[in-house]
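Per chain, numbering begins at 1; letters A, B, ... match sequence-line order. As the structure is a computational prediction, the values presented were derived from the model and not from experiment.
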2 protein chains.
Amino acid sequence: MAPAVSTDPDGVDVTGRRLPLSRELIISAAVLFVDDNGLPALTMRGLGKELGVEAMSLYRYVNGREDLLECIVESMVSELHLNPDTVEPLNGWQAYLQWLAHGVRRIAQEHPAVFPLIATRHPAAPWLRPPLRSLKVVEDFLSELISRGFTDESAIAAYRAFSSFLLGHLLLEAAARTAESDIVVDSLGHAEVTAGGAESSVNAFPQVLRLGTRLSEDHSDNEFEAALENMLDRLDRTLAH
Amino acid sequence: MAPAVSTDPDGVDVTGRRLPLSRELIISAAVLFVDDNGLPALTMRGLGKELGVEAMSLYRYVNGREDLLECIVESMVSELHLNPDTVEPLNGWQAYLQWLAHGVRRIAQEHPAVFPLIATRHPAAPWLRPPLRSLKVVEDFLSELISRGFTDESAIAAYRAFSSFLLGHLLLEAAARTAESDIVVDSLGHAEVTAGGAESSVNAFPQVLRLGTRLSEDHSDNEFEAALENMLDRLDRTLAH
DNA sequence: ACCTGAACACCGTTCAAGT
DNA sequence: ACCTGAACACCGTTCAAGT
């Protein structure tokens with residue numbers, strides 16, 4: 001969600017002048033900031049400094065920190081509709097759900113540090129289930145399925161199953177992706193871990209010790225595709241019945 | 001996770017004397033506090049006040065706020081092993097996974113406000129996938145499945161699929177459960193929602209409007225059982241092949 | 001119109017000092 | 001041994017004041 005004018009993270013354009021503050025500029029700077037520094041580092045004062053401005057200036061464009069976080073979520077989810085290379089297909093509900101699933105997955109992969117925000121902020125309504133936090137997305141989901149043979153009930157059940165599926169898979173995938181960057185890997189393979197404040201060595205857990213390396217391997221592409229396929233099959237069966 | 005002596009949230013026993021501070025007392029008070037007031041309200045100073053003590057006293061038993069959060073997670077997950085009425089069954093891996101799934105679900109249901117912590121804190125290692133954040137649980141999981149015919153690879157695949165499944169379903173269920181308590185329901189059914197800072201009325205979204213009430217219904221029991229069943233069947237198929 | 005300085009109420013955390 | 005007062009560096013947020 002880059003603003004109209006090309007910028008660097010400082011909110012300064014190529015000529016060195018500071019860009020005029022705006023809601024969009026603030027939001028895109030915030031996304032960049034979280035991508036680089038992680039969610040806990042996002043602070044009104046810090047974001048202000050990144051934009052070359054005092055924290056209080058942001059309040060002219062954004063109703064406080066909570067509103068800023070909500071804006072970030074909205075800006076990410078709305079990428080689903082803007083992107084030209086991901087035109088929604090017209091050949092069946094399975095293709096539609098494939099398209100939607102991969103669209104959300106791409107967002108999670110491009111902004112793994114932001115995804116927990118999309119996944120765990122309190123939804124505005126009980127029927128806005130993360131990570132599908134957009135009225136338009138939910139509306140499209142339901143009308144797409146209903147127009148293709150789903151009953152009201154089965155469309156709703158599909159919506160619930162689909163969102164649970166995406167949330168579980170993508171949240172874990174995003175967590176693994178951000179962990180790589182901020183956990184120092186013990187290159188000697190000395191597997192020892194500090195869990196829950198108490199020092200507990202993996203040595204007492206033979207299977208974990210034996211399978212450690214293989215447990216850390218990344219097969220998320222294949223696993224996502226297989227689980228998605230399985231889920232679509234399951235929806236298909238409930239349709240036939 | 002009640003401490004040995006019966007207490008009320010103030011950390012004061014029945015006689016009015018203050019209980020001696022301890023790691024366990026602090027942790028169980030913290031869990032109670034989050035259950036009642038939500039995660040964002042949990043503050044060192046606030047928890048101190050709840051215990052009738054200054055915030056600084058807590059640092060004698062807990063290495064700061066991050067450590068406290070980690071302790072909370074550990075104390076919740078360890079309930080899986082302590083509880084007498086949920087003895088691990090011996091008749092097959094499917095029964096074991098059913099037992100484990102319902103054990104984790106019970107934790108999520110009893111402490112919906114704490115569950116996001118279990119679900120989204122950075123795991124200590126890439127192979128500790130939330131919500132199964134315990135070396136012992138992972139060890140049991142793997143050895144149970146391997147001793148019952150799973151190959152190393154299929155046990156690992158099952159672990160990944162199982163944790164994704166639990167995370168997605170239980171996080172959404174817990175979110176719905178806490179939302180009920182802190183969202184004021186419009187008793188007139190005037191469905192209007194403020195999403196992303198911009199006022200957007202559901203009226204522009206006919207399917208959502210039409211299905212609104214049914215979208216809000218809770219079918220989590222049935223949905224959890226059905227999805228779990230489906231997942232176990234899927235694992236069974238990968239075993240046979 | 002847009003930004004800022006100063007102020008307020010709150011954090012987490014440390015450490016010397018009290019009992 | 002266990003708790004606290006005072007202090008520090010940070011938060012989010014408001015508002016009158018500057019340009």
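Between B/F165 and B/H169, a ring centre-to-centre spacing shorter than 6.0 Å is recorded.
Rounded to an integer number of Å, the gap from A/K49 NZ to C/dC3 P is 18 Å. Atom CG in A/L51 sits roughly 15 Å away from atom C1' in C/dC2 (whole-Å rounding). Regarding B/E54, its CD atom lies at a distance of 6 Å from the C1' atom of D/dT4, rounded to whole Å.
Side-chain contact, A/Q109 with A/R106: no donor N or O sits under 3.5 Å from an acceptor N or O. When only modelled atom types and interatomic distance are considered, A/H219 and A/E217 share a side-chain donor-acceptor pair under 3.5 Å.
A donor-acceptor contact shorter than 3.5 Å links the side chain of B/Y159 to the backbone of B/R129. A donor-acceptor pair under 3.5 Å links the side-chain atoms of A/E139 to the main chain of B/V208, judged by distance alone.
When the side-chain nitrogen and oxygen atoms of A/S57 are compared with OP1 and OP2 of C/dT4, one or more of them lie within a distance under 4.0 Å. An OP1 or OP2 oxygen of C/dA1 is reached within less than 4.0 angstrom by no side-chain nitrogen or oxygen of A/Y61.
Here the CZ-CD1 distance, from A/R133 to A/I118, works out to 8.5 Å after rounding to the nearest 0.5 Å.
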So A/V114 and A/L39, side chain to side chain contact (heavy atoms under 4.5 Å, CB included) or not? Walk me through it.
CA-CA 7 Å; A/V114 181; A/L39 209 44; 6.0 Å; no
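Residues that satisfy the ring-ring contact (aromatic ring centres under 6.0 Å, His included) test with B/F162, not counting sequence neighbours, are B/F141.
Stems are defined here as 3 or more consecutive Watson-Crick or G-U wobble pairs with pairing distances under 3.5 Å; those involving DNA chain C are C:4-8 with D:12-16, C:12-16 with D:4-8.
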So if I define the base as every atom that isn't primed, P, OP1 or OP2, how would nucleotides 6-19 of chain C read as a B/S/- string at a heavy-atom cutoff under 4.0 Å?
BB---BBBB-----
